[in-house]
There are 2 protein chains.
Amino acid sequence: MTDDAPKLTMPARSAGETIHQWVFRGLRRAIMSGAFPPGQAVTIRGLAEAMEVSAMPVREALRRLVAERALTLLDNRRVRVPQMTPERFEELYAARTALEVEAASRALPLVDAARLEKLRAIDQTINAAILSGDSETVVAQNFLFHLTLYSARRDSVLVPLIESVWLQTGPFMRAALEAFPTAADGYDYHLAALDAIAAGDEAALRQAIAHDIRTGIGHLALSGKLIAVAA
Amino acid sequence: MTDDAPKLTMPARSAGETIHQWVFRGLRRAIMSGAFPPGQAVTIRGLAEAMEVSAMPVREALRRLVAERALTLLDNRRVRVPQMTPERFEELYAARTALEVEAASRALPLVDAARLEKLRAIDQTINAAILSGDSETVVAQNFLFHLTLYSARRDSVLVPLIESVWLQTGPFMRAALEAFPTAADGYDYHLAALDAIAAGDEAALRQAIAHDIRTGIGHLALSGKLIAVAA
DNA sequence: TACAGCGCAATGTGATCACATTGAGCAAGC
DNA sequence: GCTTGCTCAATGTGATCACATTGCGCTGTA
């Protein structure tokens, strides 16, 4: 309750958007970017006041976020940002791998030259951000890289599932990045993925994506180093 | 609007359960069991009246079900049971395969003798139900078989994701079963899975699960026969 | 000083009302 | 006869109020 309603910068409310959608979008983005530390309690009235809306849209947004497992509903009916545990983290990355390898494999035949070029551009942005130490951009652009690849195939099942898993890793990312600003392992698996795409090599692409996910921040977490930060 | 509120048998409301939870549970079960045909429009006031509760708990339950993709939110802000298309069906089964093969693989080392016995019992129930033509039991027990296997490992990520995908196939199942009551392909992949578990053979288990998913009702759908029923 | 009991503030839940939007039916005009 | 525009019912959205529960702090007593 000391800082239940910090700055919490809300996005601009686009035309025709309901307050519920606006609130949901703002909360979701805040959670994904790690604006709320794990374990943080969130209250309907607190958020409603901070966003200057009534309780109603906030209630519905919270329900939705709980359903997506971006937030946790406690037994006392209170809502908080999920805690991260080594087991959960490992599960999240196992799920990510299973889903994203499949999504990449399915998207591969539908990646055209324009999309491949876009992927290359994103990868360069990431590399530049790594060099300049801009961790926030690294995470955001890395997500964009993966999403851009999978979206080559218009998919209404796998992509939402993948986003759901990303969302669950969100609150943890902030803490992870602050502790280990640039945790690159020296090998660019995005580049390997791009080569595999250009060559149309499905097996190589699957392996590149799997490696990319596993080496990103995953291996650090497995060693238990990051968990201590978030707990 | 002709039959916006059919019988809709609600489960008993357990002690300490909020109305929201009760409504959500009832709706979710109804959807999974195919009580609502695909394309069916659902309204807040209609359901509230049918369940004899106010609009509030229904609103929140619908939001939640939309978040879980058990229901679809149209542009006009109305909610309906999702339509099934061949593409979506294929995506659902691809996602199921990716997630469940992984879940089975991870659960394998933790399956003890008691659980294996339980799985055998479920499989026998399924076989009996197939012989007697009880399709409803086949689907329910088949779900239970898979869930019992994956739950050997206490998992808070993969299992909910799998349930989410099952939920999305729900409305379609009723129509599928009515059209093709016992669509067995002659080979019991559950038995193959059980053998693989007993032998501790991970590769064989992965293959058995993948085949089981693919041959269940999946291959029928791919041929387009079932889609016509649901559309 | 430690602990039990009370009481109030905070919070979630549910109901109801007011309003905007959607959509369908109907009527008037071309 | 077809089309356009209007009207009204149906529906979703948002706000507000009342109530139950939770949880914490305060106080009084041993």
Side-chain angles (χ1 to χ4, degrees), chain A residues 1-6 8 10-28 36 39-67 70-82, chain B residues 1-6 8 10-28 36 39-82:
Chain A
M1 228 141 320
T2 60
D3 51 352
D4 193 34
L8 214 163
M10 287 291 289
R13 185 169 163 207
S14 54
E17 189 180 38
T18 65
I19 295 184
H20 161 71
Q21 291 169 321
W22 179 56
V23 167
F24 172 75
R25 203 157 51 87
L27 278 179
R28 183 183 164 109
F36 300 116
Q40 166 93 341
V42 295
T43 64
I44 296 174
R45 284 179 173 85
L47 290 175
E49 195 174 347
M51 299 179 179
E52 295 179 323
V53 298
S54 85
M56 179 72 52
V58 177
R59 279 171 71 168
E60 296 185 283
L62 288 187
R63 285 261 184 251
R64 212 168 140 185
L65 289 164
V66 167
L71 294 174
T72 300
L73 186 63
L74 276 62
D75 291 335
N76 25 336
R77 296 174 179 176
R78 266 157 175 88
V79 175
R80 72 169 187 193
V81 181
Chain B
M1 228 146 318
T2 60
D3 51 351
D4 194 35
L8 213 162
M10 287 291 289
R13 183 169 164 207
S14 53
E17 190 181 39
T18 64
I19 296 183
H20 161 71
Q21 291 169 323
W22 178 57
V23 167
F24 172 75
R25 204 157 51 88
L27 279 178
R28 183 183 165 111
F36 300 115
Q40 166 93 341
V42 295
T43 64
I44 295 174
R45 283 177 172 86
L47 289 175
E49 195 174 347
M51 299 179 178
E52 294 177 324
V53 297
S54 84
M56 179 72 52
V58 178
R59 279 171 69 167
E60 297 185 281
L62 288 187
R63 286 263 184 248
R64 213 168 140 185
L65 290 164
V66 167
E68 293 188 0
R69 296 178 193 276
L71 294 174
T72 300
L73 185 64
L74 278 62
D75 290 335
N76 25 337
R77 297 173 179 177
R78 273 174 174 74
V79 175
R80 71 170 189 194
V81 181

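Nearest to the side-chain atoms of B:Ile44 among the listed nucleotides C:dG14, D:dT13, D:dT16 stands D:dT13. Here the nucleotide nearest the side chain of A:Thr18, chosen from D:dT13, C:dT16, C:dG14, is D:dT13. Checking C:dG12, D:dA15, C:dG14 against the side-chain heavy atoms of A:Arg78 singles out C:dG12 as nearest.
Put simply, CZ on B:Arg59 and CG on B:Leu47 are 13.5 Å apart, with the number rounded to the nearest 0.5 Å. In this structure, CD on A:Glu60 lies 10.5 Å from CD1 on A:Ile44, to the nearest 0.5 angstrom.
In this structure, B:Ile19 places its CD1 atom 16 Å from P of D:dC19, rounding to the nearest Å. Taking atom CD on A:Glu17 and atom P on D:dT13, their separation rounds to 13 Å, with Å as the unit. If you measure from atom CD of A:Gln21 to atom P of C:dT21, you get 14 Å, rounded to the nearest angstrom. Nucleotide C:dA15 holds its P atom 10 Å from the CZ atom of A:Arg59, rounded to whole Å. Going from atom CZ of B:Phe24 over to atom P of C:dT13 covers 14 Å, rounded to whole Å. The nearest whole Å value for the distance from the CZ atom in B:Arg45 to the C1' atom in D:dT11 is 5 Å. Between B:Leu62 atom CG and D:dT13 atom C1' the separation is 13 Å, expressed in whole Å. Taking atom CD of B:Glu49 as the reference point, atom P of D:dA10 lies 11 Å away to the nearest angstrom.
Residues B:Thr72 and B:Val79 are not in side-chain contact: their nearest non-hydrogen atoms beyond the backbone lie 4.5 Å or more apart. In this structure the side chain of B:Phe36 reaches within 4.5 angstrom of the side chain of B:Leu27, judged on heavy atoms. Within the 4.5 Å cutoff, side-chain heavy atoms of B:Leu65 are placed close to those of B:Arg28.
Counting only residues at least two apart or in different chains, side chain to side chain donor-acceptor pair (under 3.5 Å) contacts with residues 16-27 of chain B comprise A:Arg63-B:His20, B:Ser14-B:Glu17, B:Glu17-B:Arg25, B:Thr18-B:Gln21, B:His20-B:Arg64.
At a non-hydrogen distance threshold of 4.0 Å, B:Arg63, B:Arg77 from residues 63-77 of chain B come into contact with DNA chain D.
Residues forming a side-chain contact (heavy atoms from CB on, under 4.5 Å) with B:Arg78 (at least two apart in sequence, or on another chain): B:Asn76.
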